[in-house]
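Report on the structure given below.
For ligands, and for the atoms within them, numbers begin at 1 and follow the listed sequence. Heads up: numbering here begins at 1 and tracks the sequence.
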Amino acid sequence: MTDAAIVLAAGKGTRFRSDLAKVLHPVAGRTLLRWVLEAARPLELERIVVVVGYQADAVRAEAEASGINGLRFVEQSEQRGTGHAARVALESGELDDADTVLVLPGDGPLLTSQVLGELLDAHRGGAATLLTTELADPTGLGRIVRDGDGRVLRIVEELDASEEERGIDEVSTSTYVFEREALGRELARLGTGNAQGEEYLTDVVAPLAAAGVAAVVTAPEVAAGVNDLAQLAHAGSILRSRILERLMLDGVTVVDPAATYVGPDVTVEPDAVLLPGTHLEGACRIGAGARVGPDCRLVDTEVEAGASVSYAVAVQSSIGPGALVGPYASLRPGTRLEAGAKAGTFVEMKASTIGEGSKVSHLSYIGDATIGRDVNVGAATVTVNYDGYAKHKTVIGDRASIGSDSMLVAPVRIGDDAVTGAGSVITKDVPEGALAVERSEQRIVPGYTERKRSRRGKAGDTEHGEH
Ligand code: UD1
Ligand code: CA
């Protein structure tokens with residue numbers, strides 16, 4: 001077997017001060033674990049052994065959801081250190097066919113496929129190759145101790161380091177390539193005689209140094225791990241800028257990158273404009289020339305070319321070419337706006353199709369409805385889709401005109417070219433081309449105001465002056 005990997009993901013992440021396993025915390029649209037696995041995916045490793053422990057089932061499920069080939073899981077029931085975790089992985093036998101093994105920390109979301117490729121390429125002849133970085137503040141991390149000629153001698157953990165060693169600013173990123181046999185041999189000999197009483201993976205470096213340990217020094221923006229929620233947020237901003245950078249270079253206008261949140265699985269075509277406060281989550285697709293924002297949250301939603309969405313929320317919806325959404329609209333799952341359709345101000349839609357050129361401009365609820373083309377739905381129209389037991393469908397034909405404040409009590413069908421009068425409660429189907437009005441006749445009471453005022457005038461003698 002060529003290359004294989006171990007992902008260390010059994011720890012709780014105590015410094016996160018959270019019940020959720022550290023590697024399951026989301027950042028910039030993916031969990032920490034998923035970022036690491038996605039960095040490994042293009043390497044097409046034959047085997048990736050994920051070491052699970054704390055919240056093992058959930059961690060395992062999250063890894064499996066990636067669909068990456070060659071995943072295996074081993075359980076480290078007691079977290080006795082990174083060296084112990086690697087040992088459990090090797091002893092599982094899952095890596096017996098591997099010549100070299102890449103070791104990845106589960107908490108390194110900034111790692112890229114490119115730098116992992118460079119690390120594998122740099123591993124030639126020696127027993128191990130380390131990925132290191134230089135930090136202005138290396139506090140808490142393992143320091144790289146080199147000899148006078150720059151050769152790596154060992155890694156010393158902060159708590160075990162001398163004052164002089166703590167002054168070293170080059171640190172381990174917990175990312176390594178090892179010759180499997182050499183790693184297995186040294187892991188079997190690991191002790192726990194250190195400040196934390198753990199089996200340190202870092203301790204295998206010293207005995208391997210004689211056989212040659214190389215190091216690739218990379219930038220902190222790639223290498224920094226995440227040990228607390230402040231570092232998580234910082235990693236998030238780096239990951240988001242990478243995503244936005246790629247979009248901008250591909251021709252997308254991002255008016256304010258610091259206020260734009262785009263997930264890693266979103267695609268945006270050239271000449272689209274993303275305005276501040278835009279959040280694109282899941283598998284959103286934004287078409288050429290579309291405008292999204294300000295202040296939108298779209299989840300798994302498609303916005304086709306030239307459409308415009310502002311101050312809106314849309315989940316699992318599809319907004320056709322040139323369609324208009326917002327300001328202040330909510331499109332819930334299963335909403336489809338065909339070309340040029342509109343969901344305007346204070347409009348909520350769910351599981352409905354709005355035909356080409358049809359407009360729902362103000363203060364309406366459209367649920368479980370199919371609306372034809374060139375329909376006008378007046379302000380404050382409601383599809384009364386729920387009778388307290390089940391949901392029912394409303395069907396509106398092409399070119400129909402729904403008067404303002406119509407209650408369309410489903411199941412109901414409004415025919416092509418039909419009209420409903422404002423304020424009507426429509427409970428029966430309306431045939432094609434017909435008008436349906438449902439309201440009481442308007443009454444006129446002539447001279448009403450005059451009479452009322454003169455009555456008040458008499459009462460006014462007692463100086464009541466009420467309103
Ligand atoms: C580790 C390194 C340190 C390096 C730093 C980089 C050791 C002893 N220290 O320290 O040199 O600078 O990473 O971020 O290796 N894990 C297990 N089982 C365990 C313990 C840990 O699976 O028993 C996993 C954790 O879930 C985590 C990873 O290993 O994903 C690293 O563990 P962590 O406790 O974060 O190590 P650091 O203290 O950061
Ligand atoms: Ca760490």
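Comparing Glu158, Gln76, His84, Gln231 by heavy-atom distance to atom 17 (C) of ligand 1, the nearest is Gln76.
Residue-level proximity to ligand 1 for Asp107 is carried by backbone and side chain together, each with a heavy atom below 4.0 angstrom. Residue contacts with ligand 1 for Thr82 involve both N, CA, C or O and side-chain atoms from C-beta outward (heavy atoms, distance under 4.0 Å).
Between Glu338 and Arg336, at least one side-chain N (NZ, or NE/NH1/NH2) sits under 4.0 Å from a carboxylate O, which counts as a salt bridge. Using a cut-off of 4.0 Å between Lys/Arg side-chain N and Asp/Glu carboxylate O, Arg154 and Glu165 are scored as salt-bridged. A salt bridge does not link Glu163 to Arg166: none of the charged nitrogens lies less than 4.0 Å from a carboxylate oxygen. Between Arg180 and Asp99 there is no salt bridge, since no side-chain N of the basic residue sits under 4.0 Å from a carboxylate O of the acidic one. Salt-bridge check for Arg143 with Glu170: failed, with every basic side-chain N at 4.0 Å or more from each acidic carboxylate O.
Here is the list of ligand 1 atoms found below 4.0 Å of a heavy atom in Tyr200: 8 (C).
Among all protein heavy atoms, the one lying closest to atom 26 (O) of ligand 1 is Gly11 N, 2.9 Å.
Taking any N or O of Thr202, backbone or side chain, none lies under 3.5 Å from an N or O belonging to ligand 1.
The set of protein atoms (N, O or S) found at less than 3.0 Å from the Ca ion (ligand 2) reads Asp107 OD2, Asn227 OD1, by chain and number.
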